[in-house]
Enquirer: 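Can you keep this structure in mind? I'll have questions shortly.
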Amino acid sequence: MFRKIGDEVILIYNPRTENVEVGQNISILDEGYNRGLVVQIIEQSLVDLAGILEDIIRTESIGEIMVKEFVSPDYEKYRLDVQNMKFARAKIRKEIHIEGGDQKVTDWTGWVPDRSAKVSSAKDEWLMEKLGTNPEKFKYPIKVGKAAYSDNEFAASAFHLQGITVIVGKKGSGKSHIAKCILLGLIDHKAQGIVFDINDEYSAMRFNPDESESDYNSKLASLNPGTNMRFTLPYIGAYVFFDVMQTTMGLGEPSAFALRNKWVELENNGKLSFANLKDSAQTLSGKISGAITRRLERMHNTGLFTDQEDEATTLESHLNAFDQGGALIINLKMKDKDTVDLVVQTILRKVQQLLEQGRKPLFIFAEEAHMYLRETDWADAVTRMRHLGTYQLYMTNTPTQIRSLAIRQTDNLFLFHLTETSDFLHITPATRIDPETIEQVSKALPPRTCLLVGEITNHYPWIIKTLPLSVKTAGETRRFFEKP
Amino acid sequence: MSEEEILKNFVGILEDHFPDANTFLARDVELDKFVYVNDEELDKKDEHYEDEEIECNDDVVKTAIQELERDTTIIPISAVDASSARLGETNRGVISAVRLAVWKQEPDSKPTLCQYGPYLAHITPDNIDFIYNYFRCEVFGMKKGKPPRIMKMTDRLRNFFERLGQRRASSIISNGITLWDGSLRGATVDTPLDLLRDSVEKAHLNHNTVIGISKYSTLRTASGEKLLDMFGGQARSCIIDVNDKVSKKLIDQIVGRVHVVRFTPDGFSFRVDVSPCSDTICTDALKLLKGNCLFHNGYPDPLRQVHVHAYFTPNELLSLQNLAIEKYQMKVLRSFDVKRHLLAPYG
């Protein structure tokens, strides 16, 4: 251990004999004091020495000279060792206290060990045990990947997913994969979910890679708005309908009032249907009638509403079918904005209604939620709906689009590779760790590897690699050119 | 055995005579400073003064200063330099490293630079006699001699190594100039006059002129003026032959003629000793050197290159210390400066 600066220590190591990676956990034990530190590598670099600069300049400035060296081959190895010495910048995460031979891990008090303290790689199992995140003690473990440096399987407890989970990373970094992994894990524990799937990539999990039916075939229902996902007005109800009409479709208050009267009238007569509502609206005065009719026409065009009971569906009917766990995949791929907005609003309001009626909690997976959630929806989602039992997972490659309110309420963060400083700054409040860790680690993350921090890890950042799933996961993108 | 074979096999000779040691107290290496390490400059600090304190008369300054012109006739050039560094102390003696660089530039071919070493030597009371007399007797054919103190032996080893390298540099070209670092003075504490004469003669046998260039010189007139400052007002390449002004006693120990030369108008002045081969005049040899070399602040680039490739950098010292520790399995002692402990913060 070379130096301590603030909450960081600088470790010098020989890369020929020590393998150090960003995200790796290191234990620094000062046996004389029965104390130690747990630190985590956030950056690696070459040791910058004046003599090395001189060596490099000497080598590079030789130019046209042919140099012949007569030297012991052993020397070259040692010379390169010194020239390639590295340092690792590590954040102090925890403090170790040894009492009666038993090691306890507590929050750091500011104490630092001597330079002579023993530095070694901290085993994942040991650290998980000390942090209380040992998967063997979880009642509802979900395998989300494997620890990046030990290759041990890493499991999250489904219990800790009952809040807001944010999964961010660049396109293709693996964020959808881990969301699918979590979804299947939740289903395994008999939980129910709804997925807003804007790329139609979740329904593929109903099949295995060889196209045979997967174990989740009957537990994943793919709903296509306008095709096998249509609702009747009585099912939707006035609350949801007018909420959508006013907020999503932008219907003014006077028009909404007039339409509501028509709705009540039809409902009282037992004649509430989309067609009847549309006809009634046309009896209203010209300006109001026009405003309402145009919006009803847009609604009609989405195909989401039907007056035929046999064409209609209900969320309850699908969810009831998933008593042993399952998820509704709402396919929003290639749907126009009206349809997406209507579908999402309708489902969110309906889910809220169901939860208020005492239905058991469920998990909502929202891919690129900023494309269909309004400001009020974010506020509603992270406050009221969460308390009602709607646990949310947001997946996005544009983290700055997630509202600050949601970021601050985040319980778990899966952070894949990112490069933009604005992204790091935006998501840092989602964690209880320093911004440097977020920025340094995220920049160094290879594909399918993420930093995980939150309730799942007892707020200790872990680097994990995603695990391959047994089911088909890839979405299909139409291509003009088939090969690079 | 040829000089080349001795130089290449030197590592084996030192390894065969590398006594075991239990502990190693490594020299402190400052890794954060831009420095070249050559302990010769430390070890010979006193000797430098003694070596080059030459009494000159005042009338030297009145001697005509000649302009040094460039002769562009292409000739081969060779150059040589060696460096040494103490790596640390063992419970038995001192571990040192030496390295030699030899430059060769010939018409129509790329310059070649051969680095011999670094070679590690463990000098102890048990092997100091062997190492010292190996060079004296086996390499240079001299009589057996009494080795110096262990602390001085690192520089003696470097000196032997450099003298051997000078012979090598003189043998790899012919009809050219071989550049040596330092004066051509023998009969010093480390270089017998016969050894130096023999080396220069070997160079002459190959029709080579030997030019020794001293980076440091204390040449002064009787009134105390530094001779190297005498070109101060001249914005041109200059040369003065001061050989006849040097005292008889000293001139007998110098194998060549002593000059003060400024090779480039904007460069430094150096003491330059020239030992020309039979049919060459010193001034002509210097003109040829000026016409065949690049100069860096007035210093010949071949000599600069051999310095750069022979000297050690701090990280190289650290590498060599590590090599020694692991190869010879020594326990490392933490450096301890008793003076610092007793007198801090004033020590």
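Quick note on labels: first sequence line is chain A, next is B, and so on, each numbered from 1. Side-chain atoms are counted along with the backbone in the values below, which use heavy atoms only and exclude waters and symmetry mates.
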Enquirer: Is it true that atom CZ of Phe268(B) has more than 12 heavy atoms of other residues, nucleotides or ligands lying nearer than 6.0 Å?
Expert: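 Counting neighbours around CZ of Phe268(B), 12 or fewer heavy atoms of other residues, nucleotides or ligands fall under 6.0 Å, so no.
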Enquirer: Rounded to the nearest 0.5 Å, what separation is found between the CZ atom of Arg99(B) and the CD atom of Glu69(A)?
Expert: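 Separation between the atoms: 8.0 Å.
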Enquirer: Kindly compute the distance separating OH (Tyr75(A)) from OH (Tyr119(B)), expressed to the nearest 0.5 Å.
Expert: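 These two atoms lie 12.5 Å from each other.
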Enquirer: Quick check on Asp74(A) against chain B: is it the side chain, the backbone, both or neither that has a heavy atom closer than 4.5 Å?
Expert: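 Contact with chain B: backbone and side chain both.
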Enquirer: When Tyr78(A) is tested against each of Gln321(B), Glu326(B), Glu316(B) for side-chain contact (heavy atoms from CB on, under 4.5 Å), which residue passes?
Expert: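 Running side-chain contact (heavy atoms from CB on, under 4.5 Å) over Gln321(B), Glu326(B), Glu316(B) with Tyr78(A) returns exactly one hit, Glu326(B).
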Enquirer: Within a radius of less than 6.0 Å around CZ of Phe130(B), do more than 12 heavy atoms belonging to other residues, nucleotides or ligands occur?
Expert: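 It does: Phe130(B) CZ has more than 12 such atoms within range.
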Enquirer: Working to the nearest 0.5 angstrom, can you tell me the gap between Arg79(A) CZ and Leu323(B) CG?
Expert: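 The CZ atom of Arg79(A) sits 12.5 Å away from the CG atom of Leu323(B).
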Enquirer: With a 4.5 Å cut-off on side-chain heavy atoms, are Gln115(B) and Val67(A) touching?
Expert: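 Val67(A) reaches Gln115(B) side chain to side chain.
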Enquirer: Out of curiosity, Leu113(B) CG to Met66(A) CE, how far, rounded to the nearest 0.5 Å?
Expert: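 That separation rounds to 11.0 Å.
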Enquirer: At what distance, to the nearest 0.5 angstrom, does OG of Ser319(B) lie from CD of Gln83(A)?
Expert: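 If I round to the nearest 0.5 Å, the distance is 8.0 Å.
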Enquirer: Hey, is NZ on Lys327(B) packed in by over 12 heavy atoms from elsewhere, all under 6.0 Å?
Expert: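 Counting other residues, nucleotides and ligands, NZ of Lys327(B) exceeds 12 neighbours.
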Enquirer: Just wondering, more than 12 heavy atoms not from Lys77(A) lying within 6.0 Å of its NZ?
Expert: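 It does: Lys77(A) NZ has more than 12 such atoms within range.
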Enquirer: With a cut-off of 6.0 Å (strictly less than), are more than 12 heavy atoms of other residues, nucleotides or ligands near CD of Glu21(A)?
Expert: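 Counting neighbours around CD of Glu21(A), more than 12 heavy atoms of other residues, nucleotides or ligands fall under 6.0 Å, so yes.
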Enquirer: Residues two or more places apart in sequence or in another chain: which of them pass side-chain hydrogen bond (donor to acceptor under 3.5 Å, both in side chains) with Lys94(A)?
Expert: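 Lys94(A): side-chain hydrogen bond (donor to acceptor under 3.5 Å, both in side chains) contacts with Asp107(A).
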Enquirer: Give a yes or no on whether Arg89(A) atom CZ has more than 12 heavy-atom contacts from other residues, nucleotides or ligands under 6.0 Å away.
Expert: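 Result for CZ/Arg89(A): enclosed.
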Enquirer: Applying the side-chain contact (heavy atoms from CB on, under 4.5 Å) criterion to Asn315(B), which one of Val47(A), Val82(A), Asp81(A) satisfies it?
Expert: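 The passing option is Val82(A).
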